[in-house]
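Report on one structure; see the data block that follows.
Atoms within a ligand are numbered from 1 in the order they appear, just like the ligands themselves. Nothing fancy with the numbering, it's 1 onward along the sequence.
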Amino acid sequence: MKIITTPDPRLREKSTKVGVIDDEVLKIIEKMRKLSLDWEKDHPHELSAAMAAPQMGVLKRIIIVRDDMEDKSKAEFTALINPEVIKTDGKIETDFEGCLSVPFVYGKVPRASKVKIKALLEDGTEVRVKADGQLARILQHEIDHLNGILFIDHIRDKKDAFYKMDDNGDLIPVDYEKEILGNTELWGDE
Ligand code: NI
């Protein structure tokens with residue numbers, strides 16, 4: 001298994017709920033942790049904050065989220081199974097997002113600043129999580145993946161919204177029409 005990227009059609013499908021948390025599910029989670037860290041080794045300026053199972057072609061409602069978003073040496077992720085947004089709140093804030101499955105591209109994405117979700121942990125415990133700031137953004141982004149939605153779908157005004165990372169890790173603006181829309185490597189011929 002590997003991380004799949006646009007325009008792979010599996011990224012556009014709705015994933016199914018996990019019924020029983022069995023060995024197969026736990027193996028999927030371990031594979032997700034491994035792939036996230038492998039990706040990070042190839043991306044020195046970036047931290048792999050989270051990932052959803054459909055990003056490796058497994059259409060199940062599982063996400064993993066990094067416990068410490070600041071320190072790359074800490075490599076623990078919490079898995080959330082069947083995560084559901086119960087409520088979004090606060091105001092709409094716009095900030096940068098990238099995605100392991102949308103290579104090279106970053107965008108400014110509007111999201112609710114607060115979110116409340118429920119999910120199951122690996123041991124089957126039901127948890128409710130209230131998040132704001134970066135974690136609220138990440139949870140919305142990952143749960144979107146389970147419904148076949150990518151961050152680019154939320155960007156209505158395509159002008160001045162897209163960026164690329166240069167070799168120093170700085171984000172530089174790119175022209176949407178030319179470099180994003182016209183890039184069949186990213187979006188296919190649709
Ligand atoms: Ni993503």
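A salt bridge links Arg111 and Asp144; the closest N-O separation between the charged side-chain nitrogens and carboxylate oxygens is under 4.0 Å. Under a 4.0 Å N-O distance rule, the pair Arg128/Glu126 qualifies as a salt bridge. A salt bridge links Lys74 with Asp68: the distance from a Lys NZ or Arg NE/NH1/NH2 to an Asp or Glu carboxylate oxygen falls below 4.0 Å. A salt bridge between Glu142 and Arg137 is absent, with no side-chain N of the basic residue lying under 4.0 Å from a carboxylate O of the acidic one.
Between Tyr163 and Phe96, the ring planes are perpendicular. Angles over 60° get that label, and only those under 30° would be called parallel.
Within a radius of less than 2.8 Å around the Ni ion (ligand 1), the protein N, O or S atoms are Cys99 SG, His141 NE2, His145 NE2.
Among residues at least two apart or in separate chains, side-chain hydrogen bond (donor to acceptor under 3.5 Å, both in side chains) pairs with a member in residues 24-34 are Glu30-Arg33, Arg33-Glu122, Lys34-Asp38.
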